[in-house]
Enquirer: 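Got a structure here, written out as structure tokens. Questions coming.
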Amino acid sequence: VQGQAIYVSGSSGSAADVEDDESLQDDMKFVQIAGATYSSLRDLRRLEQRQSSLRSFFSPVVVDALASQNIDAVLEPRECQLSILFCDLRGFSGKSEQLRGDLLKLLDRVSRALGVMTGSILDHRGVVGDFHGDAVMGFWGWPMEQPDAPLRACQAALAIAHRFHELQAASKSLTAEEPAGDFMMGLGIASGPAVAGKIGSADQVKVTAFGPVVNLAARLETMTRAFQVPILCDQSTAAAIQGANQAVDCRLRKLVSVLPSGFLNAVEVWQLLPDMPPYNQLGPEEMQRWEAAMQLLVAGKWPQTWVELEQVPQWDRPREFVMDFIRRHNFQPPAGWNGVIPQYGK
């Protein structure tokens, strides 16, 4: 093992003179202090290098926890209240076909788009849990408890939506081309108990989250395709936002209750409305009309539901989802109608 030393040279008299030389004793104390200071600085530099390397594998909130606690204790899987955010790129398949002759260019564009997602998750003190092909999963509430986890997840989702909106505008400009603007995105948020930490097999592990709430967030992200909206969340997340003590710059709209594929219980689907066109054009009157239409839908009064929905702006895509559902059933609720729309497939 390589070591380091401080070398001091000079001349002196006899050993007795050295012991009696106060100035020399002071110099020796100074050298000891300098050595101890240098050793501390060297240890600090090593810690900084270690943390820098860890940041390539862990989110900053995890690195902060690792710096002050036992690593095994921090990463040990445990159950906690989490908010999960699934972000999925749209347009990846088409772009991969266009760039199949230049996969490195495709990788660069996908990496930039994924960077928008991961950057927003980290900016809001979340953990990047996993990459699923062209999708990213982030979560809040671990390794330290975050009572405002649902709010942070929603703020991150809104930031992602706004950034993609800006990138798409830039990609259409005559003077700018932003590779990430080639893609759109869908975001699903769910909150509830889950297990988080070092999860995997004896051969390979990763820091992620596990549980039904993770599956629900993934399903909600998938549902954004059917509803043709950027962000959906579950009832638990919506309730946390509505009951937040602090001011929340979020607008929510309850859409419908859906039975997701593979689930035993229905889920209330809520839309998180970004402050950008066309979603910021839904005013109080449109929101009230939507609520009235959904009450009629659940009550089985589908002709009246249709009349109310015709007053909702045509560009509102959830309106088209519900009207198509009514049309496919010939304006008559199916037998045993309980107000829940089944979701076929994933």
Enquirer: Can Lys254 and Glu291 be counted as an ion pair, charged N to O under 4.0 angstrom?
Expert: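 Judged by the 4.0 Å cut-off on N to carboxylate O distance, Lys254 and Glu291 do not form a salt bridge.
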Enquirer: Between CG of Asp275 and OH of Tyr279, what distance do you get to the nearest 0.5 Å?
Expert: 13.0 Å
Enquirer: Say whether Thr237 and Asp234, considering side chains only, have a donor N or O and an acceptor N or O under 3.5 Å apart.
Expert: yes
Enquirer: Heavy atoms, side chains only, cut-off 4.5 Å: are Met137 and Leu85 in contact?
Expert: no
Enquirer: Nearest 0.5 angstrom please: Arg152 CZ to Ser120 OG, how far?
Expert: 13.5 Å
Enquirer: Does Leu296 belong to the same Ile/Leu/Val/Met/Phe/Trp/Tyr cluster as Val269, with side-chain heavy atoms less than 4.5 Å apart forming each link?
Expert: no
Enquirer: If you look at every heavy atom in Met117 and Leu89, which pair is closest and at what distance?
Expert: CE-CD2, 3.4 Å
Enquirer: Indicate the atoms forming the closest heavy-atom contact of Ile160 with Cys87, along with that distance.
Expert: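 Heavy-atom minimum between the residues: CD1-SG, 3.8 Å.
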Enquirer: Keeping the roles fixed (side chain from Glu308, backbone from Ala293), state whether a donor-acceptor pair exists under 3.5 Å.
Expert: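 Pair absent, no side-chain N/O of Glu308 close to backbone of Ala293.
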Enquirer: Would you call Asp316 and Arg253 a salt bridge, taking side-chain N to carboxylate O under 4.0 Å as the test?
Expert: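 The answer is yes: the pair qualifies as a salt bridge.
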Enquirer: For this output row, return yes or no: ring centroids of Phe325 and Trp302 closer than 6.0 angstrom.
Expert: yes
Enquirer: May I ask you to check whether Glu268 and Trp270 show a side-chain donor-acceptor distance below 3.5 Å?
Expert: yes
Enquirer: State, yes or no, whether a side-chain contact exists between Gln228 and Glu320 at a heavy-atom distance under 4.5 Å.
Expert: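 No. Closest side-chain heavy atoms not under 4.5 Å.
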Enquirer: Look only at the side chain of Arg319 and the backbone of Val312, and say whether a donor-acceptor pair between them is shorter than 3.5 Å.
Expert: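 Yes: the side chain of Arg319 pairs with the backbone of Val312.
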Enquirer: Going by heavy atoms in the side chains, are Trp142 and Val127 under 4.5 Å from each other?
Expert: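 Yes. Closest side-chain heavy atoms under 4.5 Å.
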Enquirer: Is Arg225 salt-bridged to Asp88, going by a charged N under 4.0 Å from an acidic O?
Expert: yes
Enquirer: Answer with yes or no whether the hydrophobic clustering places Phe321 together with Val298; edges join I, L, V, M, F, W, Y residues whose side-chain heavy atoms lie under 4.5 Å apart.
Expert: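 Not linked; separate clusters.
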Enquirer: Report the distance from atom OG of Ser257 to atom CG of Asn338, rounding to the nearest 0.5 Å.
Expert: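 The CG atom of Asn338 is 8.5 Å from OG of Ser257, to the nearest 0.5 Å.
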Enquirer: Would a 4.5 Å heavy-atom cut-off, applied to side chains only, mark Pro274 and Asn280 as touching?
Expert: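 Answer no - side chains too far apart.
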Enquirer: Side-chain donor-acceptor pair under 3.5 Å between Glu286 and Trp290, yes or no?
Expert: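 Side chains of Glu286 and Trp290: no pair found under 3.5 Å.
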Enquirer: Side-chain contact test, heavy atoms from C-beta onward, threshold under 4.5 Å: evaluate it for Leu255 versus Leu232 and give yes or no.
Expert: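 Touching, per the 4.5 Å side-chain cut-off.
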Enquirer: Do Trp306 and Val256 belong together in a cluster built from hydrophobic side chains that touch within less than 4.5 Å?
Expert: yes
Enquirer: Do Leu75 and Phe210 sit in the same hydrophobic cluster, where Ile, Leu, Val, Met, Phe, Trp and Tyr count as joined when their side-chain heavy atoms come under 4.5 Å apart?
Expert: no
Enquirer: Starting at CG of Leu272, measure out to OG1 of Thr224 and round the result to the nearest 0.5 Å.
Expert: 12.5 Å
Enquirer: Using every non-hydrogen atom in the two residues, find where Arg163 and Val116 come nearest and quote the distance to one decimal.
Expert: CG-CG1, 3.4 Å
Enquirer: Are Ser236 and Ser191 close enough, and set up right, to give a side-chain hydrogen bond (donor to acceptor under 3.5 Å, both in side chains), and what steps lead you there?
Expert: CA-CA 6 Å; Ser236 295; Ser191 301; over 6 Å; no
Enquirer: Could you measure the distance from the CZ atom of Arg125 to the CE atom of Met144? Nearest 0.5 Å is fine.
Expert: 10.0 Å
Enquirer: Any non-hydrogen side-chain atom of Pro147 less than 4.5 Å from a side-chain atom of Gln81?
Expert: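 Side chain of Pro147 against side chain of Gln81, heavy atoms only: no contact under 4.5 Å found.
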Enquirer: Work out which heavy atom in Leu220 is nearest to a heavy atom in Ile189; give both atom names and the distance.
Expert: CD1-O, 3.2 Å
Enquirer: To the nearest 0.5 angstrom, please state how far the OG1 atom of Thr208 sits from the CG atom of Asp130.
Expert: 5.0 Å
Enquirer: Kindly give the heavy-atom pair with the smallest separation between Leu297 and Thr305, and that separation in Å.
Expert: N-OG1, 3.1 Å
Enquirer: If hydrophobic clusters are built by linking Ile, Leu, Val, Met, Phe, Trp and Tyr wherever their side-chain heavy atoms come under 4.5 Å apart, do Trp315 and Met287 end up in the same one?
Expert: yes
Enquirer: Kindly say whether Gln332 contributes a backbone atom to a donor-acceptor pair with the side chain of Trp337 at under 3.5 angstrom?
Expert: no
Enquirer: Determine, step by step, whether Val214 and Phe86 satisfy the side-chain contact (heavy atoms from CB on, under 4.5 Å) criterion, reporting the C-alpha distance in whole Å, the side-chain angles of both residues, the deciding distance to 0.1 Å, and the verdict.
Expert: CA-CA 8 Å; Val214 179; Phe86 261 86; 3.7 Å; yes
Enquirer: Specify the closest pair of heavy atoms between Pro230 and Met185, including all atoms of both residues, with the distance to one decimal.
Expert: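 What the structure gives for the nearest pair is CB-CE, 3.9 Å.
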Enquirer: For a 4.5 angstrom cut-off between non-hydrogen side-chain atoms, does Leu158 reach Cys250?
Expert: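 Yes. Closest side-chain heavy atoms under 4.5 Å.
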Enquirer: Could you walk me through whether Leu309 and Met294 satisfy the side-chain contact (heavy atoms from CB on, under 4.5 Å) test, starting with their C-alpha distance in whole Å, then the side-chain angles of each, then the deciding distance to 0.1 Å, before giving a yes or no?
Expert: CA-CA 9 Å; Leu309 289 176; Met294 293 306 97; 4.1 Å; yes
Enquirer: Working note: Ile121 + Val136, criterion side-chain contact (heavy atoms from CB on, under 4.5 Å); need CA distance, chi angles, decisive distance, verdict.
Expert: CA-CA 10 Å; Ile121 292 171; Val136 178; 4.0 Å; yes
Enquirer: Do Val195 and Arg78 have side-chain heavy atoms sitting under 4.5 Å apart?
Expert: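 Counting from C-beta outward, Val195 and Arg78 never come under 4.5 Å.
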Enquirer: Checking side-chain contact (heavy atoms from CB on, under 4.5 Å) for the pair Phe227/Gln271: CA distance, chi angles, key distance, verdict?
Expert: CA-CA 9 Å; Phe227 286 99; Gln271 180 185 8; over 6 Å; no
